[in-house]
Protein chains: 2
Amino acid sequence: MSDRIADSDKKGLTRADEVRLAIEEDIFLGRLRPGTRLDEESLAQRFNISRTPIREAILQLVHAGLVEKQPRHGAVVAPLKLHRMVQMFEVMSEIEGLCARFAARRMSEEEKQALKRLHEASNAHMKARELDAYYAVNREFHEAIQAGSHNEPLQEIARGLFARLAPYRRYQLNHPSRINDSFDEHGGVVDAILAGDPEAAYTAMRRHVTIQIDIFAEFVSIMGGNGIQ
Amino acid sequence: MSDRIADSDKKGLTRADEVRLAIEEDIFLGRLRPGTRLDEESLAQRFNISRTPIREAILQLVHAGLVEKQPRHGAVVAPLKLHRMVQMFEVMSEIEGLCARFAARRMSEEEKQALKRLHEASNAHMKARELDAYYAVNREFHEAIQAGSHNEPLQEIARGLFARLAPYRRYQLNHPSRINDSFDEHGGVVDAILAGDPEAAYTAMRRHVTIQIDIFAEFVSIMGGNGIQ
DNA sequence: TGTCCATCTCTTGTATACAGAGTGGGACAG
DNA sequence: CTGTCCCACTCTGTATACAAGAGATGGACA
């Protein structure tokens, strides 16, 4: 783990913000597993600052849903319960479907072209079997559509769900043929949005995310639920 | 304003939590208008505690979306911009519609009967023109359906949106005939849920909330946007 | 030997003190 | 008279010190 915060991008951010970003990344990248205790004192030592900004960072993470906290009992990285995770995917599919529906109606020509380019870029990564690169573009793809909804509260909800699911979502693309199917599903979404067909976009996106639930369920059944709690 | 926190219900709550609840109530009840500056020092004096828990409370409010904050620039009660508020209602109608759709599929017989009783109770308040009572039952009605979705993350999203819109929503039922129409629309939702018809429930609920947007837009046009920013 | 109680320690919650950034006002120059 | 620059004050961000609650450990008694 980076025991120090990069000296770059320190513009306008408080220490608390920097710590929050660092811990967020640790959670996303799996360096901090769900269930891990977040001790204020040791975090303070790790970042060479006092406990005050650490506490603020933890509070922010609590409200982002990444961390759970009970008074006088400390904070732990949120151990998503299985049924709750399935519920979140369920909501996510609807929210993203909604984003796609709005995007089909509201995206500007420039936004549509940018989306198309993103999709084409992911095509290259798919053929080259570059999993990490595909995963990165995949995220950009979904974010582009969320932004295309031109509805900020909706984007915030989507981002929040995405953030909470991110630690688990990365397992999905390990499924052998998944990356190809994912690309094809994206294609359907892109076509519907470019054609300006809201309902088709909604259906395609909703289906795309719903499939991820199935993949995830399969992953869980293989794992036997271990390591997830 | 209550300059002191009630000695009751102090179980398991930190000072920060108490302050947060107090400020939340002030915002909901309009005692703290959007745009009002939240000065840490004066709040600390008002509650007779130090700035530390005040800061924590403000942070929590920031993440609930009720307060905005920029580094080194303090916190103000979130001044909802008009277009953003419309966007929130837009999302709210979809979220509540979604809740209704799930509720139609998942509500137990007990939950359905409880919902029916709530609706009948609101009928009495409508006929007696008891606006406040109707407003209270109305909230219970929506919460019952949200709970009926049996999807916790979805409920949290709905609650969050409701909380952020609450300071403004109360104007809506002032519209003369609104209360009757509202009751009729609720009736449609109840019928669909009791019949176990997800799509009808979704449509009825979505329409019910969408109408609120129109009422709200009308209210705003009368106000000329003053006092809302 | 097992159980219960007390104390001790560890961690969180709160207070207070200090540092640094922003803002506003006043003074001086044009 | 007006504009600009500098100084001071105010408020936020951070550090540190203190208090209090929860859990653990050890001893004593049954």
Side-chain angles (χ1 to χ4, degrees), chain A residues 2-24 26 32 34-79, chain B residues 2-24 26 32 35-64 66-79:
Chain A
S2 59
D3 55 343
R4 206 67 181 99
I5 300 159
D7 281 347
S8 58
D9 59 41
K10 269 199 170 181
K11 48 179 191 299
L13 294 180
T14 65
R15 307 278 167 97
D17 288 325
E18 294 168 6
V19 171
R20 174 179 54 81
L21 290 171
I23 298 180
E24 241 175 30
D26 282 343
L32 279 175
T36 306
R37 180 84 175 269
L38 292 179
D39 180 66
E40 297 180 0
E41 186 57 39
S42 29
L43 283 171
Q45 287 176 9
R46 177 180 152 204
F47 291 106
N48 267 328
I49 56 178
S50 76
R51 274 178 50 224
T52 308
I54 300 285
R55 284 180 63 82
E56 297 208 349
I58 289 178
L59 264 183
Q60 294 183 47
L61 290 166
V62 166
H63 281 85
L66 289 171
V67 165
E68 285 178 1
K69 188 164 180 276
Q70 285 183 328
R72 305 252 169 219
H73 284 268
V76 296
V77 179
Chain B
S2 60
D3 55 344
R4 207 67 180 98
I5 300 159
D7 282 345
S8 58
D9 59 39
K10 268 200 172 185
K11 47 180 188 305
L13 294 180
T14 65
R15 307 279 166 95
D17 287 325
E18 295 168 6
V19 170
R20 174 179 55 81
L21 290 172
I23 298 180
E24 240 175 31
D26 282 344
L32 278 175
T36 306
R37 180 80 177 269
L38 292 179
D39 180 66
E40 297 179 0
E41 186 58 39
S42 28
L43 284 170
Q45 287 176 8
R46 177 180 151 203
F47 291 106
N48 269 329
I49 56 178
S50 77
R51 275 177 51 223
T52 307
I54 300 287
R55 284 179 63 82
E56 298 209 348
I58 288 179
L59 264 183
Q60 294 183 47
L61 291 166
V62 166
H63 281 84
L66 289 171
V67 165
E68 285 179 2
K69 189 163 178 278
Q70 285 183 329
R72 306 249 167 222
H73 282 79
V76 296
V77 178

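So you know, we letter chains A, B, ... as the sequences are listed, proteins then strands, and number each from 1.
- Nearest heavy-atom pair, Pro53(B) versus Ala16(B), reported as atom, atom and distance to 0.1 Å: O-CB, 3.6 Å.
- Atom P of nucleotide dT12(C) and atom CG of Leu38(A) are separated by 9 Å, given to the nearest angstrom.
- The distance between atom CD of Gln70(A) and atom C1' of dG21(D), rounded to the nearest whole Å, is 14 Å.
- Put simply, CD1 on Ile54(B) is 9 Å from P on dA15(C), counting in whole angstrom units.
- At the phosphate of dG13(C), neither OP1 nor OP2 sits under 4.0 Å from any side-chain N or O atom of Arg15(B).
- With DNA chain D read from its 5' end, the first of the two nearest nucleotides for Glu56(A) and Asp39(B) is the one closest to Asp39(B).
- A pairwise comparison of heavy atoms in Ala78(A) and Pro34(A) identifies O-CB, 3.6 Å as the closest pair.
- At whole-Å resolution of the value, CG in Leu59(A) and P in dG13(D) are 14 Å apart.
- If you measure from atom CZ of Arg55(B) to atom C1' of dT14(C), you get 14 Å, rounded to the nearest angstrom.
- The base of dT12(D) does not come close enough to the side chain of Thr14(A) for any donor and acceptor atom to sit less than 3.5 Å apart.
- Looking at Arg72(A), its side chain has no donor and acceptor atom pair within 3.5 Å of the base of dG23(D).
- At the phosphate of dC11(D), neither OP1 nor OP2 sits under 4.0 Å from any side-chain N or O atom of Lys69(B).
- The residue among Arg51(A) and His73(A) whose nearest nucleotide of DNA chain D lies closer to the 5′ end is Arg51(A).
- If you take CG of Asn48(A) and C1' of dT14(D), they are 14 Å apart, rounded to a whole angstrom.
- Contact of the Val77(A) side chain with the Asp26(A) side chain is not registered, since no non-hydrogen atoms from C-beta on lie closer than 4.5 Å.
- In this entry the distance linking CD of Gln45(A) with P of dC10(C) reads 13 Å, nearest Å.
- Residue Ser50(A) places at least one side-chain N or O closer than 4.0 Å to OP1 or OP2 of dA15(D).
- Proximity note for Thr52(B) (side chain, C-beta onward) versus dG13(D), dT12(C), dT16(C): the nearest is dT16(C).
- Within the nucleic acid shown, Glu40(B) comes within 4.0 Å of sugar-phosphate atoms alone, with no base atom in reach, counting heavy atoms only.
- Across all non-hydrogen atoms, the minimal contact from Ile49(A) to Arg15(A) is CG2-NH1, 3.9 Å.
- At a threshold of 4.5 Å between non-hydrogen side-chain atoms, the residues Glu18(A) and Leu21(A) do not count as touching.
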